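Here's the structure we're looking at; comments come further down.
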Amino acid sequence: MSILEIAGLTASYGVSQALFSVDLTVNEGEVVALMGRNGMGKTTTVKAICRMIASAGGLRFAGQDLHRLSSDRAARLGIGLVPEGRRCFRDLSVRENLIVAARPGPWDMGRVAGLFPRLGERRGQNAASLSGGEQQMLAIGRALMTNPRLLILDEATEGLAPIIRQEIWTAIARLKAESGMAILLIDKSLKELSGISDRAVVLQRGTTVWAGPMADLTPDISERLIGV
Ligand SMILES: Nc1ncnc2c1ncn2[C@@H]1O[C@H](COP(=O)(O)OP(=O)(O)OP(=O)(O)O)[C@@H](O)[C@H]1O
Ligand SMILES: [Mg+2]
């Protein structure tokens with residue numbers, strides 16, 4: 001059953017149209033990679049899903065029309081976003097950052113610390129004093145604390161050291177295996193994405209140009225459409 005259904009989605013920044021026709025479905029328990037070169041509309045699609053930008057077309061989550069909901073209501077329906085740029089509250093401790101995000105469900109501080117032991121060790125520390133990788137883990141932990149039905153990760157490994165990236169990929173793989181949470185992944189690493197994603201959707205200039213099982217995304221298709 002699909003949890004997120006997007007069809008013919010359009011969105012603009014003022015007079016400049018960014019999304020022309022995005023089609024994207026995420027089913028329960030599925031990991032979907034949203035791919036495309038820089039500036040093709042991946043983050044804009046995420047902003048539309050989270051109701052952070054006006055959009056039109058088909059946009060349904062858990063059977064409800066997201067266009068009728070505010071961003072708060074959308075989040076409360078179970079959309080957990082780890083935004084581009086890993087935002088957390090810099091002046092709050094790790095523990096406080098997690099607590100303010102909490103909503104009822106199986107994910108609590110203990111479970112987040114089980115996934116990212118570094119966060120448990122640093123729970124009293126200010127978020128500003130964490131390394132970039134630890135801040136990214138905290139951003140993921142905050143999204144998990146909301147107990148989402150769909151977790152969206154927009155460039156969660158961007159700019160991090162290889163060893164930290166690997167820790168984050170391992171955590172995402174554990175989430176997939178242990179929680180069965182639906183996940184929408186955006187990342188530059190085709191290798192890591194193909195290892196974990198069930199399906200892929202490729203955008204070009206704000207339009208879905210390819211969608212299918214990850215295994216069907218052959219090297220010539222990815223070279224032509226994504227440039228890798
Ligand atoms: N705040 C904004 N105001 C105006 N135009 C914007 C804004 N944000 C993005 N755009 C434009 O919208 C288009 C899609 O951008 P978007 O950020 O969605 O791409 P992306 O696929 O996420 O790229 P990247 O891989 O670089 O993160 C681009 O042409 C971009 O220049
Ligand atoms: Mg982006």
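Counting starts at 1 for both ligands and their atoms, following the listed order. Sequence positions, counted from 1, serve as the residue numbers for this chain. Quick caveat: nothing in here was measured; it's all calculated off a predicted structure.
The two residues A128 and Q135 make their nearest non-hydrogen contact at O-NE2, 3.9 Å. Of all non-hydrogen atoms in L190 and L217, the two that sit nearest each other are CD1-CD2, 4.1 Å.
Protein residues lining ligand 1, listed by chain and number: Y13, A18, R37, N38, G39, M40, G41, K42, T43, T44, E84, E155, K188 [non-hydrogen atoms, distance under 4.0 Å].
L115 and I152 are assigned to two separate hydrophobic clusters, defined by single-linkage of ILVMFWY side chains at heavy-atom distances under 4.5 Å. Neither F61 nor V31 shares a network with the other; the hydrophobic side chains, linked directly or stepwise wherever heavy atoms of I, L, V, M, F, W or Y lie under 4.5 Å apart, form separate groups for each.
Using a 4.0 Å cut-off between charged side-chain N and carboxylate O, E167 and R118 make a salt bridge.
Side-chain contact annotation: S70 with D72, donor-acceptor N/O pair under 3.5 Å absent.
Residues in residues 21-32 take part in these salt bridge (charged side-chain N to carboxylate O under 4.0 Å, His left out) pairs, two or more places apart or across chains: E28-R149, E30-R199. Here side chain to side chain donor-acceptor pair (under 3.5 Å) pairs that include residues 174-187, with residues two or more places apart or in two chains, are T157-D187, R174-E178, K176-D198.
With rounding to the nearest 0.5 Å, the separation of CZ in R95 from CG in L138 is 12.5 Å.
Protein N/O/S atoms closer than 2.8 Å to the Mg ion (ligand 2), listed by chain and residue number, are T43 OG1, E84 OE2.
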